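In what follows, chains carry the letters A, B, and so on, assigned in the order in which the sequence lines appear, proteins first and then strands, with residues in each chain numbered from 1. Every value quoted in this text rests on a predicted model; they were computed, and no experiment measured them.
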Amino acid sequence: MEKIAVTSEGPTLDDALDPRFGRAAGFILVDPQTLQFQYLDNGASQARAQGAGIQAAEVIVRSGAKALLTGYVGPKAFTALQAAGIQVAQNLDNMTVRQAVERFKTGQVQWAAVPNRMGHGR
Amino acid sequence: MKVAIASGKGGTGKTTVSAALISVWNRPVTAVDLDVEAPNLHLFLKPRIVGYEKADIEVPVADESKCTHCRACADLCQFKAISVLGNVLLIFPEMCHGCGGCLAVCPEKALSPGRRELGEIRWGNAGRAGFLMGVSRIGEAMSPPLMRAVKSKLQILLQAQPADVVIDAPPGVSCPAVNAVMDADVIVLVTEPTPFGLYDLQLAREAFLPLDKPMGVVINRAGVGDDDVYGFCRSVHLPIWTEIPYDRQIAAAYSQSRIVADVSAHLKAGFMELADKIRQAAGVTGEVCLA
(Lines give C-alpha, C1' and ligand atoms only; values in the text may rest on other atoms or scores of the structure.)
Protein backbone atom coordinates (compact mmCIF):
# COMPACT_ATOMS: atom_id res chain seq x y z
CA MET A 1 0.00 0.00 0.00
CA GLU A 2 1.22 3.45 -0.81
CA LYS A 3 1.78 5.98 1.92
CA ILE A 4 -0.13 9.19 2.48
CA ALA A 5 0.94 12.37 4.25
CA VAL A 6 -1.18 14.28 6.78
CA THR A 7 -0.33 17.75 8.11
CA SER A 8 0.02 17.42 11.87
CA GLU A 9 0.54 19.61 14.90
CA GLY A 10 2.58 16.86 16.56
CA PRO A 11 4.47 13.60 16.07
CA THR A 12 1.69 11.02 16.70
CA LEU A 13 -1.50 9.81 15.04
CA ASP A 14 -3.49 11.28 17.91
CA ASP A 15 -2.18 14.80 17.47
CA ALA A 16 -4.43 17.36 15.86
CA LEU A 17 -4.39 17.67 12.08
CA ASP A 18 -2.71 21.01 11.31
CA PRO A 19 -5.02 22.78 8.83
CA ARG A 20 -2.12 24.81 7.39
CA PHE A 21 -0.08 23.10 4.72
CA GLY A 22 3.01 25.26 4.07
CA ARG A 23 3.42 26.28 7.68
CA ALA A 24 2.25 23.01 9.25
CA ALA A 25 4.28 21.94 12.30
CA GLY A 26 5.04 18.68 10.53
CA PHE A 27 3.73 15.77 8.52
CA ILE A 28 2.70 12.26 9.51
CA LEU A 29 3.68 9.86 6.75
CA VAL A 30 1.45 6.86 7.25
CA ASP A 31 0.54 3.53 5.66
CA PRO A 32 -3.27 3.60 5.88
CA GLN A 33 -3.55 -0.20 6.13
CA THR A 34 -1.02 -0.96 8.87
CA LEU A 35 -1.08 2.55 10.43
CA GLN A 36 2.69 2.40 10.62
CA PHE A 37 3.88 5.97 10.51
CA GLN A 38 6.79 8.35 10.78
CA TYR A 39 6.89 12.06 11.60
CA LEU A 40 8.56 14.61 9.32
CA ASP A 41 9.31 17.96 10.93
CA ASN A 42 8.45 21.06 8.88
CA GLY A 43 10.34 23.59 10.99
CA ALA A 44 12.50 24.70 8.04
CA SER A 45 9.39 25.77 6.10
CA GLN A 46 7.88 27.51 9.12
CA ALA A 47 10.98 29.67 9.42
CA ARG A 48 10.83 30.92 5.84
CA ALA A 49 9.59 34.43 5.06
CA GLN A 50 8.37 33.26 1.67
CA GLY A 51 8.13 29.97 -0.16
CA ALA A 52 6.98 27.87 2.81
CA GLY A 53 4.39 26.08 0.69
CA ILE A 54 6.90 25.23 -2.04
CA GLN A 55 9.39 23.91 0.49
CA ALA A 56 6.69 21.86 2.22
CA ALA A 57 5.70 20.42 -1.17
CA GLU A 58 9.33 19.41 -1.72
CA VAL A 59 9.28 17.55 1.62
CA ILE A 60 6.09 15.70 0.64
CA VAL A 61 7.49 14.76 -2.78
CA ARG A 62 10.72 13.48 -1.25
CA SER A 63 8.77 11.43 1.31
CA GLY A 64 7.26 9.36 -1.47
CA ALA A 65 3.68 10.06 -0.36
CA LYS A 66 1.08 9.65 -3.09
CA ALA A 67 -1.62 11.72 -1.41
CA LEU A 68 -1.88 14.59 1.09
CA LEU A 69 -4.61 15.25 3.64
CA THR A 70 -4.68 18.84 4.93
CA GLY A 71 -6.72 21.98 5.50
CA TYR A 72 -5.61 24.80 3.28
CA VAL A 73 -3.18 24.84 0.36
CA GLY A 74 -1.99 27.98 -1.40
CA PRO A 75 -1.63 28.34 -5.17
CA LYS A 76 2.13 27.81 -5.48
CA ALA A 77 2.17 24.79 -3.17
CA PHE A 78 -0.80 23.35 -5.04
CA THR A 79 0.96 23.79 -8.39
CA ALA A 80 4.05 22.08 -6.97
CA LEU A 81 2.09 19.13 -5.53
CA GLN A 82 0.13 18.73 -8.75
CA ALA A 83 3.30 18.78 -10.84
CA ALA A 84 4.60 15.86 -8.81
CA GLY A 85 1.31 13.98 -9.24
CA ILE A 86 0.31 14.07 -5.58
CA GLN A 87 -3.41 14.01 -4.85
CA VAL A 88 -4.56 16.64 -2.38
CA ALA A 89 -7.56 16.60 -0.05
CA GLN A 90 -8.28 20.03 1.48
CA ASN A 91 -10.70 21.51 4.02
CA LEU A 92 -9.89 19.00 6.79
CA ASP A 93 -9.83 20.58 10.26
CA ASN A 94 -10.92 19.94 13.85
CA MET A 95 -9.87 16.29 13.86
CA THR A 96 -6.88 14.15 14.73
CA VAL A 97 -4.50 12.72 12.17
CA ARG A 98 -5.97 9.26 12.90
CA GLN A 99 -9.50 10.52 12.17
CA ALA A 100 -8.34 12.00 8.87
CA VAL A 101 -6.75 8.69 7.90
CA GLU A 102 -10.02 6.89 8.76
CA ARG A 103 -11.90 9.25 6.48
CA PHE A 104 -9.42 8.52 3.72
CA LYS A 105 -9.81 4.76 4.21
CA THR A 106 -13.59 4.95 4.04
CA GLY A 107 -13.51 7.09 0.92
CA GLN A 108 -14.79 10.21 2.66
CA VAL A 109 -12.22 12.65 1.29
CA GLN A 110 -12.54 14.60 -1.93
CA TRP A 111 -9.55 15.21 -4.17
CA ALA A 112 -9.12 18.87 -5.00
CA ALA A 113 -8.70 20.27 -8.49
CA VAL A 114 -7.83 23.80 -7.35
CA PRO A 115 -6.19 25.39 -4.29
CA ASN A 116 -8.44 26.85 -1.60
CA ARG A 117 -6.18 29.66 -0.44
CA MET A 118 -4.77 32.79 -2.11
CA GLY A 119 -1.30 32.39 -0.66
CA HIS A 120 0.31 33.84 2.49
CA GLY A 121 -2.27 31.94 4.57
CA ARG A 122 -5.20 33.92 3.17
CA MET B 1 23.44 66.03 -0.35
CA LYS B 2 20.61 63.54 -0.01
CA VAL B 3 18.01 63.56 2.73
CA ALA B 4 15.51 60.76 3.27
CA ILE B 5 12.15 61.48 4.89
CA ALA B 6 11.22 58.28 6.70
CA SER B 7 9.08 57.02 9.57
CA GLY B 8 8.27 53.80 11.27
CA LYS B 9 4.55 54.42 11.38
CA GLY B 10 2.64 55.08 8.19
CA GLY B 11 0.49 58.18 7.92
CA THR B 12 2.67 60.35 10.14
CA GLY B 13 3.33 62.91 7.40
CA LYS B 14 6.36 61.84 5.35
CA THR B 15 4.90 63.16 2.13
CA THR B 16 3.60 66.32 3.81
CA VAL B 17 7.11 67.04 5.08
CA SER B 18 8.80 66.04 1.80
CA ALA B 19 6.60 68.34 -0.30
CA ALA B 20 6.98 71.25 2.12
CA LEU B 21 10.74 70.78 2.30
CA ILE B 22 11.02 70.77 -1.51
CA SER B 23 8.98 73.98 -1.65
CA VAL B 24 11.36 75.88 0.65
CA TRP B 25 14.66 74.28 -0.49
CA ASN B 26 16.75 77.20 -1.71
CA ARG B 27 19.22 75.24 -3.82
CA PRO B 28 18.81 72.99 -6.87
CA VAL B 29 16.81 69.98 -5.69
CA THR B 30 15.24 66.80 -7.03
CA ALA B 31 12.26 65.16 -5.35
CA VAL B 32 12.22 61.36 -5.41
CA ASP B 33 9.21 59.29 -4.38
CA LEU B 34 10.62 55.92 -3.38
CA ASP B 35 7.36 54.74 -1.79
CA VAL B 36 6.77 52.76 -4.97
CA GLU B 37 3.92 50.69 -3.56
CA ALA B 38 1.85 53.78 -2.83
CA PRO B 39 3.50 56.87 -4.32
CA ASN B 40 1.68 60.13 -3.56
CA LEU B 41 4.28 62.93 -3.58
CA HIS B 42 3.13 63.82 -7.12
CA LEU B 43 -0.31 64.71 -5.75
CA PHE B 44 1.27 67.63 -3.88
CA LEU B 45 4.11 68.65 -6.20
CA LYS B 46 1.97 68.22 -9.35
CA PRO B 47 5.00 67.58 -11.58
CA ARG B 48 5.10 67.80 -15.35
CA ILE B 49 6.14 64.27 -16.40
CA VAL B 50 8.50 64.36 -19.37
CA GLY B 51 9.58 60.73 -19.55
CA TYR B 52 8.82 57.25 -18.34
CA GLU B 53 10.15 53.74 -18.77
CA LYS B 54 9.27 50.23 -17.61
CA ALA B 55 11.57 48.55 -15.13
CA ASP B 56 11.99 44.81 -15.01
CA ILE B 57 14.03 42.09 -13.38
CA GLU B 58 15.79 39.05 -14.82
CA VAL B 59 14.02 35.77 -14.08
CA PRO B 60 14.88 32.28 -15.37
CA VAL B 61 13.09 30.65 -18.30
CA ALA B 62 13.55 26.91 -18.69
CA ASP B 63 14.21 24.76 -21.74
CA GLU B 64 12.70 21.57 -20.29
CA SER B 65 14.26 19.43 -23.00
CA LYS B 66 17.74 20.20 -21.63
CA CYS B 67 16.89 19.82 -17.91
CA THR B 68 18.21 16.68 -16.20
CA HIS B 69 16.52 17.54 -12.86
CA CYS B 70 19.88 17.67 -11.11
CA ARG B 71 18.53 20.24 -8.63
CA ALA B 72 21.61 22.51 -8.81
CA CYS B 73 19.35 25.53 -9.37
CA ALA B 74 16.77 24.50 -6.75
CA ASP B 75 19.46 23.90 -4.13
CA LEU B 76 21.01 27.30 -4.80
CA CYS B 77 17.84 29.40 -4.79
CA GLN B 78 17.17 30.92 -1.37
CA PHE B 79 13.68 32.08 -2.35
CA LYS B 80 12.10 28.87 -3.68
CA ALA B 81 11.67 30.58 -7.04
CA ILE B 82 12.84 27.42 -8.81
CA SER B 83 12.16 23.90 -7.67
CA VAL B 84 12.43 20.35 -8.93
CA LEU B 85 9.56 18.08 -7.93
CA GLY B 86 10.12 14.56 -9.07
CA ASN B 87 10.72 14.90 -12.79
CA VAL B 88 9.29 18.37 -13.13
CA LEU B 89 11.17 21.66 -13.10
CA LEU B 90 8.96 24.41 -11.71
CA ILE B 91 9.67 28.15 -11.86
CA PHE B 92 7.75 30.69 -9.77
CA PRO B 93 8.83 33.98 -11.42
CA GLU B 94 7.04 36.11 -8.80
CA MET B 95 9.32 34.66 -6.08
CA CYS B 96 12.54 35.48 -7.98
CA HIS B 97 14.88 38.19 -6.66
CA GLY B 98 16.82 38.29 -9.94
CA CYS B 99 20.23 37.22 -8.61
CA GLY B 100 20.98 35.15 -11.74
CA GLY B 101 22.48 32.32 -9.66
CA CYS B 102 20.34 29.57 -11.20
CA LEU B 103 21.45 30.52 -14.70
CA ALA B 104 25.06 30.48 -13.57
CA VAL B 105 25.01 27.05 -11.89
CA CYS B 106 22.92 25.12 -14.45
CA PRO B 107 25.37 22.58 -15.95
CA GLU B 108 23.07 21.87 -18.90
CA LYS B 109 22.49 25.51 -19.90
CA ALA B 110 18.78 24.75 -19.63
CA LEU B 111 17.96 28.18 -18.21
CA SER B 112 17.93 31.46 -20.09
CA PRO B 113 17.15 34.99 -18.95
CA GLY B 114 13.55 36.20 -19.11
CA ARG B 115 11.92 39.29 -17.66
CA ARG B 116 9.36 40.11 -15.00
CA GLU B 117 7.93 43.63 -15.09
CA LEU B 118 8.43 45.47 -11.79
CA GLY B 119 6.65 48.70 -12.59
CA GLU B 120 7.28 52.07 -14.13
CA ILE B 121 9.69 54.94 -13.53
CA ARG B 122 8.47 58.47 -14.28
CA TRP B 123 10.41 61.72 -14.23
CA GLY B 124 9.97 65.38 -14.97
CA ASN B 125 9.93 68.60 -13.00
CA ALA B 126 7.81 70.36 -10.45
CA GLY B 127 8.45 74.05 -10.82
CA ARG B 128 12.19 74.51 -10.37
CA ALA B 129 12.58 71.09 -8.69
CA GLY B 130 13.40 67.91 -10.51
CA PHE B 131 10.98 65.05 -9.97
CA LEU B 132 11.32 61.25 -10.09
CA MET B 133 9.06 58.44 -8.93
CA GLY B 134 8.55 54.70 -9.18
CA VAL B 135 5.17 53.00 -9.47
CA SER B 136 5.04 49.32 -8.66
CA ARG B 137 3.11 47.01 -11.00
CA ILE B 138 -0.14 45.93 -9.38
CA GLY B 139 0.45 42.42 -8.11
CA GLU B 140 4.23 42.84 -7.75
CA ALA B 141 5.25 41.70 -4.26
CA MET B 142 8.78 43.16 -4.10
CA SER B 143 9.61 46.83 -4.07
CA PRO B 144 13.42 46.98 -3.53
CA PRO B 145 14.24 45.89 -7.13
CA LEU B 146 12.11 48.73 -8.55
CA MET B 147 13.58 51.12 -5.97
CA ARG B 148 17.06 50.21 -7.20
CA ALA B 149 15.97 50.97 -10.77
CA VAL B 150 14.62 54.36 -9.64
CA LYS B 151 17.91 55.10 -7.88
CA SER B 152 19.88 54.20 -11.02
CA LYS B 153 17.74 56.66 -12.96
CA LEU B 154 18.39 59.25 -10.25
CA GLN B 155 22.14 58.91 -10.82
CA ILE B 156 21.63 59.60 -14.53
CA LEU B 157 19.42 62.63 -13.85
CA LEU B 158 21.92 64.02 -11.33
CA GLN B 159 24.79 63.66 -13.77
CA ALA B 160 22.87 65.78 -16.26
CA GLN B 161 21.71 68.23 -13.61
CA PRO B 162 23.42 68.19 -10.19
CA ALA B 163 21.02 68.82 -7.33
CA ASP B 164 20.30 68.01 -3.73
CA VAL B 165 17.89 65.12 -3.27
CA VAL B 166 14.82 64.79 -1.04
CA ILE B 167 13.62 61.19 -0.82
CA ASP B 168 10.07 60.40 0.25
CA ALA B 169 10.59 56.94 1.77
CA PRO B 170 8.09 54.13 2.30
CA PRO B 171 6.86 53.54 5.87
CA GLY B 172 8.01 50.72 8.10
CA VAL B 173 11.44 49.41 8.98
CA SER B 174 11.81 46.45 6.60
CA CYS B 175 13.71 46.12 3.30
CA PRO B 176 11.88 48.88 1.37
CA ALA B 177 12.39 51.46 4.13
CA VAL B 178 16.05 50.53 4.58
CA ASN B 179 16.59 50.64 0.80
CA ALA B 180 15.16 54.16 0.70
CA VAL B 181 17.37 55.60 3.44
CA MET B 182 20.61 53.68 2.93
CA ASP B 183 22.11 56.14 0.41
CA ALA B 184 20.99 59.28 2.23
CA ASP B 185 23.35 61.63 4.05
CA VAL B 186 20.69 62.52 6.60
CA ILE B 187 17.53 60.74 7.78
CA VAL B 188 14.49 62.66 8.98
CA LEU B 189 12.09 60.59 11.10
CA VAL B 190 8.54 61.90 11.00
CA THR B 191 6.41 60.88 13.96
CA GLU B 192 3.43 61.93 16.03
CA PRO B 193 3.13 62.23 19.82
CA THR B 194 1.00 59.12 20.30
CA PRO B 195 1.83 55.64 21.64
CA PHE B 196 1.84 54.27 18.07
CA GLY B 197 4.05 57.11 16.91
CA LEU B 198 6.49 56.53 19.76
CA TYR B 199 6.62 52.76 19.33
CA ASP B 200 7.33 52.93 15.60
CA LEU B 201 9.81 55.79 16.07
CA GLN B 202 11.75 53.54 18.43
CA LEU B 203 11.72 50.75 15.82
CA ALA B 204 12.83 53.11 13.06
CA ARG B 205 15.69 54.54 15.11
CA GLU B 206 16.81 51.01 16.00
CA ALA B 207 16.62 49.87 12.36
CA PHE B 208 18.52 52.84 10.94
CA LEU B 209 21.08 53.32 13.73
CA PRO B 210 23.55 50.78 12.26
CA LEU B 211 23.68 52.92 9.08
CA ASP B 212 25.46 55.51 11.22
CA LYS B 213 23.83 58.55 9.63
CA PRO B 214 22.70 61.77 11.29
CA MET B 215 19.03 61.50 12.27
CA GLY B 216 16.52 64.06 13.47
CA VAL B 217 12.83 64.05 14.25
CA VAL B 218 9.84 66.00 12.94
CA ILE B 219 6.84 65.82 15.25
CA ASN B 220 3.63 66.14 13.30
CA ARG B 221 0.23 66.80 14.89
CA ALA B 222 2.02 68.33 17.87
CA GLY B 223 -0.57 68.86 20.58
CA VAL B 224 -2.35 65.52 20.37
CA GLY B 225 -1.41 62.55 22.54
CA ASP B 226 1.18 62.82 25.28
CA ASP B 227 4.79 63.82 25.98
CA ASP B 228 6.40 60.41 25.71
CA VAL B 229 7.89 61.00 22.24
CA TYR B 230 9.62 64.11 23.59
CA GLY B 231 10.95 62.18 26.58
CA PHE B 232 12.24 59.39 24.34
CA CYS B 233 14.00 61.82 21.98
CA ARG B 234 15.68 63.52 24.96
CA SER B 235 16.76 60.22 26.49
CA VAL B 236 18.50 58.97 23.32
CA HIS B 237 19.74 62.40 22.18
CA LEU B 238 17.63 62.37 19.03
CA PRO B 239 17.18 66.04 18.07
CA ILE B 240 13.68 67.36 17.36
CA TRP B 241 14.17 69.55 14.29
CA THR B 242 10.68 70.95 13.94
CA GLU B 243 7.09 70.47 14.99
CA ILE B 244 3.95 70.75 12.88
CA PRO B 245 0.95 71.71 15.01
CA TYR B 246 -2.28 69.74 15.12
CA ASP B 247 -4.33 72.27 13.20
CA ARG B 248 -7.51 72.11 11.15
CA GLN B 249 -6.10 74.50 8.53
CA ILE B 250 -3.22 72.09 7.84
CA ALA B 251 -5.60 69.13 7.49
CA ALA B 252 -7.75 71.17 5.10
CA ALA B 253 -4.72 72.12 2.98
CA TYR B 254 -3.60 68.49 2.88
CA SER B 255 -7.06 67.33 1.80
CA GLN B 256 -6.83 69.75 -1.14
CA SER B 257 -3.33 68.47 -2.01
CA ARG B 258 -1.78 71.81 -1.12
CA ILE B 259 1.71 72.17 0.31
CA VAL B 260 1.44 72.89 4.04
CA ALA B 261 4.39 75.29 4.00
CA ASP B 262 2.07 77.61 2.08
CA VAL B 263 -0.58 77.63 4.81
CA SER B 264 1.14 80.29 6.93
CA ALA B 265 4.35 82.26 7.20
CA HIS B 266 4.95 80.58 10.54
CA LEU B 267 4.80 77.08 9.01
CA LYS B 268 7.02 78.14 6.13
CA ALA B 269 9.59 79.44 8.61
CA GLY B 270 9.43 76.09 10.43
CA PHE B 271 10.28 74.16 7.25
CA MET B 272 13.07 76.58 6.34
CA GLU B 273 14.51 75.95 9.78
CA LEU B 274 14.18 72.22 9.16
CA ALA B 275 16.07 72.61 5.86
CA ASP B 276 18.86 74.44 7.70
CA LYS B 277 19.09 71.78 10.40
CA ILE B 278 19.25 69.02 7.77
CA ARG B 279 22.10 70.77 5.97
CA GLN B 280 23.94 71.38 9.24
CA ALA B 281 23.54 67.69 10.14
CA ALA B 282 24.92 66.72 6.74
CA GLY B 283 27.84 69.05 7.31
CA VAL B 284 27.07 70.59 3.94
CA THR B 285 27.85 74.20 3.29
CA GLY B 286 27.75 74.59 -0.46
CA GLU B 287 28.05 71.51 -2.65
CA VAL B 288 25.03 70.05 -4.40
CA CYS B 289 24.83 66.38 -5.21
CA LEU B 290 26.97 65.38 -8.21
CA ALA B 291 25.60 61.81 -8.34
Kindly give the heavy-atom pair with the smallest separation between [X] and [Y], and that separation in Å.
X        : Y        : answer
B:Ile219 : B:Val229 : CD1-CG1, 3.8 Å
B:Leu198 : B:Thr191 : N-OG1, 4.2 Å
B:Arg137 : B:Glu117 : NE-O, 2.7 Å

Candidate pair A:Gln50 and B:Lys80, rule side chain to side chain contact (heavy atoms under 4.5 Å, CB included), full reasoning: CA-CA 8 Å; A:Gln50 293 162 337; B:Lys80 294 287 161 192; over 6 Å; no
Residue pair B:Val3, B:Asp185: steps toward the side chain to side chain contact (heavy atoms under 4.5 Å, CB included) verdict: CA-CA 6 Å; B:Val3 55; B:Asp185 301 300; over 6 Å; no
Residue pairs, two or more places apart or on separate chains, that pass ring pair (Phe, Tyr, Trp, His ring centres under 6.0 Å) and touch residues 21-41 of chain A: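 Of all non-adjacent pairs touching residues 21-41 of chain A, those that pass ring pair (Phe, Tyr, Trp, His ring centres under 6.0 Å) are A:Phe21-A:Phe27.
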A:Ala57 portion near chain B, given a 4.5 angstrom heavy-atom threshold: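 Interface part for A:Ala57: both.
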Set of residues satisfying side-chain contact (heavy atoms from CB on, under 4.5 Å) with respect to B:Cys73, sequence neighbours excluded: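 side-chain contact (heavy atoms from CB on, under 4.5 Å) check on B:Cys73 returns B:Ile82, B:Leu89, B:Cys102, B:Leu111.
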Would you check if there is a donor-acceptor pair between the side chains of [Y] and [X] at a distance under 3.5 Å?
X       : Y        : result
A:Asp15 : A:Ser8   : no
A:Thr12 : A:Asp14  : no
B:Glu37 : B:Ser136 : no

Residue selection (most heavy-atom pairs with chain B, distance under 4.5 Å) from A:Gly85, A:Ala80, A:Gly51, A:Ala52: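 Winner by heavy-atom pair count: A:Ala80.
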Residues from residues 87-101 of chain A approaching chain B under 4.5 Å (heavy atoms):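 Those residues of residues 87-101 of chain A which would need a heavy atom under 4.5 Å from chain B do not exist here.
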Chain B neighbours within residues 61-71 of chain A, where any heavy atom lies under 4.5 Å away: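 Under the 4.5 Å heavy-atom cut-off, A:Val61, A:Arg62 qualify.
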Residue part contacting chain A, namely of B:Glu94, when any heavy atom lies under 4.5 Å: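 It is the side chain, since no backbone atom gets that close.
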Criterion side chain to side chain contact (heavy atoms under 4.5 Å, CB included) on B:Val32 and B:Val166, from CA distance to verdict: CA-CA 6 Å; B:Val32 183; B:Val166 175; over 6 Å; no
